[in-house]
Amino acid sequence: MTKMDFNIVLIGFMGAGKSTVASGLNRLYGMQIVEMDECIAKREGKSIPEIFETNGEEYFRNLETELLIELQKQTNLVISCGGGVPMRERNVAEMRKNGKVVLLTASPEVILERVRNNHDRPLLENHKSVEYIESLLEKRQEKYLAAADLVISTDGKTVEEICREIKGQILRIV
Ligand code: S3P
């Protein structure tokens, strides 16, 4: 893809594949990645669980909003959002300023497999079950869908297939 005058913003539930797909878009199309969680953790000098524990979730959510506002100065980025980012209306307005918003989806069973051995997600720690994932997903679904320009299912697809699908569909809507 030639240099784009917009950003691709990847949203979706934890374990939907945002970071993996961002890496794929970087590898295939040379887009620069911004991994929001990583960026926030680096700036704070703490892991995401540590930020939640010492400063609380609201503090973390404010950092997400600040970062997203800052990122609107740039284009040709693939922004991999934390799963909670589209829950704030302000965040959705920001990401849509310069961005094509791509919602990645996966079934609760696939999500559970992907997050099972990871301990960096405070909201899922001690809640690793299909039922819990399903219920949180259900609470969030409406906001995810409302924010999205495109919805791409990741179940059973390779990263390359997903990236090509994103590219094809984005070229149709720009
Ligand atoms: C969260 C998702 C996480 C991280 C934090 C909260 C959420 O990011 O931002 O643990 O509320 O869904 P990933 O979606 O990259 O796991």
Side-chain angles (χ1 to χ4, degrees), residues 7-26 31-71 77-95 99 101-148 150-155 157 159 162-163 166:
N7 298 320
I8 295 182
V9 184
L10 300 178
I11 63 167
F13 200 78
M14 296 167 269
K18 299 170 300 253
S19 304
T20 311
V21 170
S23 300
L25 290 170
N26 167 269
M31 297 188 69
Q32 192 194 326
I33 303 178
V34 177
E35 186 68 52
M36 286 187 65
D37 279 349
E38 211 177 282
C39 201
I40 288 171
K42 206 178 281 174
R43 285 179 178 186
E44 293 292 298
K46 288 182 198 145
S47 69
I48 301 297
E50 279 167 351
I51 299 173
F52 268 68
E53 205 176 291
T54 46
N55 308 97
E57 181 171 350
E58 189 66 14
Y59 177 86
F60 173 74
R61 298 302 177 195
N62 291 337
L63 295 178
E64 287 184 319
T65 302
E66 281 168 29
L67 175 59
L68 206 54
I69 291 170
E70 247 178 83
L71 291 174
L77 302 176
V78 51
I79 302 173
S80 174
C81 293
V85 171
M87 297 306 113
R88 274 195 185 177
E89 231 171 84
R90 172 73 197 270
N91 294 350
V92 175
E94 287 298 327
M95 66 175 75
V101 181
V102 179
L103 170 62
L104 298 178
T105 66
S107 66
E109 290 76 11
V110 167
I111 289 173
L112 180 61
E113 275 316 301
R114 291 179 185 163
V115 302
R116 199 190 276 282
N117 297 318
N118 175 285
H119 298 286
D120 290 332
R121 295 179 171 104
L123 299 185
L124 290 185
E125 212 50 34
N126 308 319
H127 297 293
K128 300 231 177 97
S129 70
V130 167
E131 293 71 27
Y132 186 82
I133 290 170
E134 221 161 29
S135 71
L136 186 54
L137 197 51
E138 206 170 292
K139 281 190 204 138
R140 291 182 165 191
Q141 189 71 342
E142 200 181 338
K143 285 185 176 157
Y144 281 144
L145 288 171
L150 297 176
V151 183
I152 309 267
S153 157
T154 63
D155 286 359
K157 293 178 190 163
V159 179
I162 297 164
C163 291
I166 291 173

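Order of listing sets the numbers, starting from 1, for every ligand and every atom in it.
- With 3.5 Å as the limit, one finds no donor-acceptor pair spanning the side chains of Thr65 and Glu94.
- Paired with Arg43 under the rule salt bridge (Lys or Arg N to Asp or Glu O under 4.0 Å), one option of Glu70, Glu66, Glu38, Glu64 passes, and it is Glu70.
- Here Glu131 contributes atom CD and Leu136 contributes atom CG; the two are 13.5 Å apart, rounded to the nearest 0.5 Å.
- For a threshold of 3.5 Å applied to N or O pairs, the pair formed by Phe13 and ligand 1 contains no separation below that value.
- Comparing heavy-atom distances from atom 7 (C) of ligand 1 across Ala16, Gly84, Ala41 singles out Gly84 as nearest.
- Among protein heavy atoms, the minimum distance from atom 4 (C) of ligand 1 is reached at Asp37 OD2, 3.1 Å.
- In this structure, the side chain of Asn26 engages the main chain of Met31 through a donor-acceptor pair within 3.5 Å.
- Contact annotation for Leu123 and ligand 1: only side-chain heavy atoms (C-beta onward) come within less than 4.0 Å of the ligand.
- Expressed to the nearest 0.5 Å, how far CD1 of Ile166 lies from CG of Leu10 amounts to 5.5 Å.
- Scanning the protein for heavy atoms near atom 16 (O) of ligand 1, the closest one is Arg121 NE, 2.6 Å.
- Here the side chain of Lys18 pairs a donor or acceptor atom with the backbone of Phe13 at under 3.5 angstrom.
- Given atom 10 (O) of ligand 1, the protein heavy atom at minimum distance is Pro122 CD, 3.6 Å.
- Qualifying ring-ring contact (aromatic ring centres under 6.0 Å, His included) partners for Tyr144, counting only residues two or more places apart in sequence or in other chains: none.
- Nearest protein heavy-atom contact of atom 12 (O) of ligand 1 is Arg140 NH1, 2.7 Å.
- The protein heavy-atom contact nearest to atom 14 (O) of ligand 1 is Lys18 NZ, 2.6 Å.
- Under a 4.0 Å criterion applied to the non-hydrogen atoms of Phe60, ligand 1 contributes the atoms 9 (O).
- Considering Arg61, Met14, Met87 only, the shortest heavy-atom separation from atom 11 (O) of ligand 1 involves Arg61.
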